[in-house]
Number of protein chains: 2
Amino acid sequence: MTNSRRGRSASAEDVAKLAGVSRASVSRVFSDQGNVARETREKILQAANELGYQVNFLAQGLNRKRSQLIGVVVARLSDPFRSSLLEGLLSEIQRKGYQALVTEVRDANELEMTIRRFTQFRVSGVVVTSGQPPADLVKECVQHNIPVVGINRHMDIPYVDFVCSDNKMAASLVAEQFIRCGCKSIGWLNYKESTWSGINRGKVFYQVMVEKGACDESDLLQITAEMDGYEGGRQAAHRFCEQGKIVDGVFCANAQLACGFLDGMRENGFDAPADFHIIGFDNTPQTAQYSYRLTTIHQDVLETAKRVLSRLEARGQDPHIVQSIEEIPVKLVIRNTSPNFEPTMIRAK
Amino acid sequence: MTNSRRGRSASAEDVAKLAGVSRASVSRVFSDQGNVARETREKILQAANELGYQVNFLAQGLNRKRSQLIGVVVARLSDPFRSSLLEGLLSEIQRKGYQALVTEVRDANELEMTIRRFTQFRVSGVVVTSGQPPADLVKECVQHNIPVVGINRHMDIPYVDFVCSDNKMAASLVAEQFIRCGCKSIGWLNYKESTWSGINRGKVFYQVMVEKGACDESDLLQITAEMDGYEGGRQAAHRFCEQGKIVDGVFCANAQLACGFLDGMRENGFDAPADFHIIGFDNTPQTAQYSYRLTTIHQDVLETAKRVLSRLEARGQDPHIVQSIEEIPVKLVIRNTSPNFEPTMIRAK
DNA sequence: CTGTTAGCGCCTTCAG
DNA sequence: CTGAAGGCGCTAACAG
């Protein structure tokens, strides 16, 4: 009875009473704003410790009109790259002292509900790793002064920033590798209804190939998967072989497709690097494994996450800065499916 | 100027004014508690719509002393099983109208900080998929009346519930399969510093094997990986072969180890099912792929998530119900690495 | 440096 | 069925 509200958690007021000060001082100590005499601070900390006091973030956020929450929109976590991206984001979000609010969305409608709910929690920022942020929704965020940043996509929405792996650099690295290895007929494998980044990667790759004079339109073979993921790649390979087509080098929009395509080709008696070269995107752990040892473009997830957070904070301070689009450098990881040959023809055939 | 606070988001009071009612009624409509005349309800909804009103969850939570947040503790999302588990949890959490607060932890210390932060957000529940919830921390949760449930682990903490894949059932299914296939020398592969569920799976498997008379102590070969994940399994295989050991059937604590071990054996010239049988745990997408086609125990992630949420809600209503430990049935998915043979010897050797 | 005073936006009795 | 009043726990001026 004496101990304020039995069982309930202690409030700043309880602490203030015990320490014999005002709640304002308690607040000052725990949000370390404004100055507090060392002596009173210690009294407060001790009292707080005694009562097991902890700031109520709900009340804090209500008052500040901003919680320390950051909303993260994800999709298809079963893709290893996406889950490693989430991992990087979580780690960076926590390091900066925020808390991640994670929602998985399946369609545009869910994205809309989600962003709306994020604003209801007065999040400090929204990270979109999937789907196109609907323009009007974003407007709402801007109105509420909530920064939005998209990863691996890019649209012309004012006040929304983007950070994106450097697809052009990726294309160049791959093109050079293929050329160095003497590949002549090059293919580009992508899912029929790919994401923005998938499509963009293909477009840029084609441009680069033409620029380098490595191919004209007829040379770049578009291989289209009817399905996404590993199975999609595998079936694409089967259809490819049925049609009696042939390639020297295949570049794939993502790691899953690449592994699937490689396995599909193997089922048809073709293997890399003996019969063709194949290079993937994402560098997921699986691609490093013995059964694949895939040469692949590596995306720097941690750097991406860092940039995202710093964008979020920048726009949090000044909502009206100009849109920023950052490209994160990528690396080519050479493994078995397109090894570092001297510039000679690889196929005896 | 007339329009209340320009730019700011509308509050219940704004809606009340516009609709010509009291804020209490607005509140009633949006938390659909208490009765409101159809007519006034409609007036309110219209006004709300006009102003783009949305409930402020911070204020709501502050008042209700409980947010609609659910804290989820994860680790090592790079393991495909763990990310699929998270996926299942997210989906169920959203379906039930909650919002997930996700934190990745690396050690016990972080777990503690995390749970503490969860309580500061007055979450409606905490789901621990990794690490042992420290007893005193949990006590704090109980005190705050926050339900805690652990997945694939089990400890004797009062008022904390657990839901766990049925490891005994898994062991039986695998034992029977090995016996049916005539495997004689059976191995159990696990990481040196495995998780609770890994260790438990091994213990139970041994028990079952003895029960079935399929082996006594000397028969069950403990294969220990010095490292976790794919590489751990692979290196274990290499050491295993160096030592000139031999097995008929290997059961693995998880999918990553299984794939690694299989590949390691292949590098040494042994393959499944020709030279030995191997069965994994988790049934991650990768295990289904052409290069592995691993026979494996399947854990029902969605069912697990469902049970978790229902436990959370049950204890949310009555914090003092007795501890519940649910076992989720598993299935044996027969694939290539231990096919459905008639009961005969498989090895010519 | 510290205390006082107003809210933040919502929910919940309690009257009417 | 509806309105008025008080409070959830914290912060942000403003005085002292």
Side-chain angles (χ1 to χ4, degrees), chain A residues 4-5 7-45 47-48 51-69 119-124 144-145, chain B residues 4-5 7-45 47-48 51-69 119-124 144-145:
Chain A
S4 56
R5 295 80 47 78
R8 298 236 119 286
S9 44
S11 74
E13 178 150 16
D14 301 332
V15 177
K17 261 182 207 147
L18 208 176
V21 300
S22 74
R23 25 197 150 131
S25 297
V26 178
S27 173
R28 285 192 187 96
V29 169
F30 279 90
S31 50
D32 47 37
Q33 317 220 56
N35 290 333
V36 182
R38 184 164 300 172
E39 202 179 333
T40 41
R41 147 174 271 112
E42 275 170 13
K43 268 197 303 189
I44 290 175
L45 285 176
L51 296 175
Y53 168 72
Q54 325 221 149
V55 177
N56 179 331
F57 288 149
L58 262 21
Q60 186 182 73
L62 172 59
N63 202 299
R64 295 226 246 249
K65 295 169 178 347
R66 183 110 308 152
S67 66
Q68 35 174 326
L69 258 21
T119 71
Q120 297 187 258
F121 279 108
R122 299 292 184 267
V123 295
S124 291
H144 286 240
N145 218 321
Chain B
S4 56
R5 298 78 47 81
R8 298 238 118 286
S9 44
S11 73
E13 178 150 15
D14 301 332
V15 177
K17 262 181 207 146
L18 210 177
V21 299
S22 74
R23 18 191 153 133
S25 297
V26 178
S27 173
R28 285 191 188 98
V29 169
F30 280 89
S31 49
D32 47 38
Q33 316 220 60
N35 291 334
V36 182
R38 186 164 297 172
E39 201 180 332
T40 40
R41 146 175 271 113
E42 274 170 13
K43 269 196 302 190
I44 290 175
L45 285 175
L51 296 174
Y53 169 73
Q54 325 221 150
V55 177
N56 180 330
F57 288 149
L58 262 22
Q60 184 183 74
L62 172 59
N63 200 298
R64 296 227 249 247
K65 293 164 179 352
R66 184 109 309 153
S67 65
Q68 35 175 324
L69 258 20
T119 71
Q120 297 187 256
F121 278 108
R122 300 292 184 267
V123 296
S124 291
H144 286 240
N145 218 323

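Basis for what follows: all heavy atoms, side chains included, without hydrogens, waters or symmetry-related copies. Every chain is numbered from 1, with letters handed out A, B, ... down the list of sequences.
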In whole Å, what is the span from the CD atom of Q54(B) to the C1' atom of dC10(C)?
15 Å
So, is K65(B) close to the dG9(D) phosphate, meaning a side-chain N or O under 4.0 Å from OP1 or OP2?
yes
Contact under 4.0 Å: S25(A) side-chain N or O vs dG3(C) OP1/OP2:
yes
For Q60(A) and dG7(C), give me the distance from atom CD to atom P, rounded to whole Å.
21 Å
Rounded distance (Å) that lies between atom P of dC8(D) and atom CD of Q120(B)
19 Å
Taking CG from L62(A) and P from dA12(D), how many angstroms apart are they, rounded to a whole number?
12 Å
Check step by step if side chain to side chain contact (heavy atoms under 4.5 Å, CB included) holds for L45(B) and Y53(B).
CA-CA 9 Å; L45(B) 285 175; Y53(B) 169 73; over 6 Å; no
Grab the CZ-P distance between R23(B) and dA5(D) for me, whole Å please.
9 Å
From dC10(D), dC1(D), dT12(C), pick the nucleotide closest to the side chain of S27(B)?
dT12(C)
With rounding to the nearest 0.5 angstrom, report the CD to OG distance, E13(B) to S22(B).
10.5 Å
To the nearest Å, give me how far apart CG (N63(B)) and P (dC11(C)) are.
7 Å
Figure out the CZ/P separation between R64(B) and dG9(C), and round it to whole Å.
17 Å
Out of dT11(D), dC10(C), dT12(C), which nucleotide sits closest to the side chain of A24(B)?
dT12(C)
From dG3(D), dG9(D), dT12(C), nucleotide with atom closest to S11(A) side chain
dG9(D)
If you look at every strand shown and take non-hydrogen atoms under 4.0 Å, does V26(A) touch a base, only sugar-phosphate, or nothing?
nothing
Bend angle of the helix from dC1(C)-dG16(D) to dG16(C)-dC1(D) from five-pair axes at both ends, rounded to 10°?
30°
Ignoring backbone atoms, test whether N56(B) places a side-chain nitrogen or oxygen under 4.0 Å from the OP1 or OP2 oxygen of dC10(C).
no
Do H144(B) and R122(B) come within less than 4.5 Å of each other through their side chains, counting heavy atoms only?
yes
Taking the side chain as everything from C-beta on, heavy atoms only, tell me whether S67(A) gets closer than 4.5 Å to L58(B).
yes
Does any donor atom in the side chain of S11(A) or R23(A) lie under 3.5 Å from an acceptor atom in the other side chain?
no
Taken to the nearest whole Å, OH/Y53(A) to C1'/dG9(D) is 8 Å
With a 3.5 Å cut-off and just heavy-atom distances, do the side chain of R28(B) and the base of dG3(D) make a donor-acceptor pair?
yes
Please work out which of the three classes, parallel, tilted or perpendicular, describes the rings of F57(A) and F121(B), given edges at 30° and 60°.
tilted
Please figure out whether R38(A) or V55(B) has its closest DNA chain C nucleotide nearer the 5' end.
R38(A)
If every non-hydrogen atom of L62(B) is compared with every non-hydrogen atom of A59(A), which pair is closest and at what distance?
CD1-CB, 3.7 Å
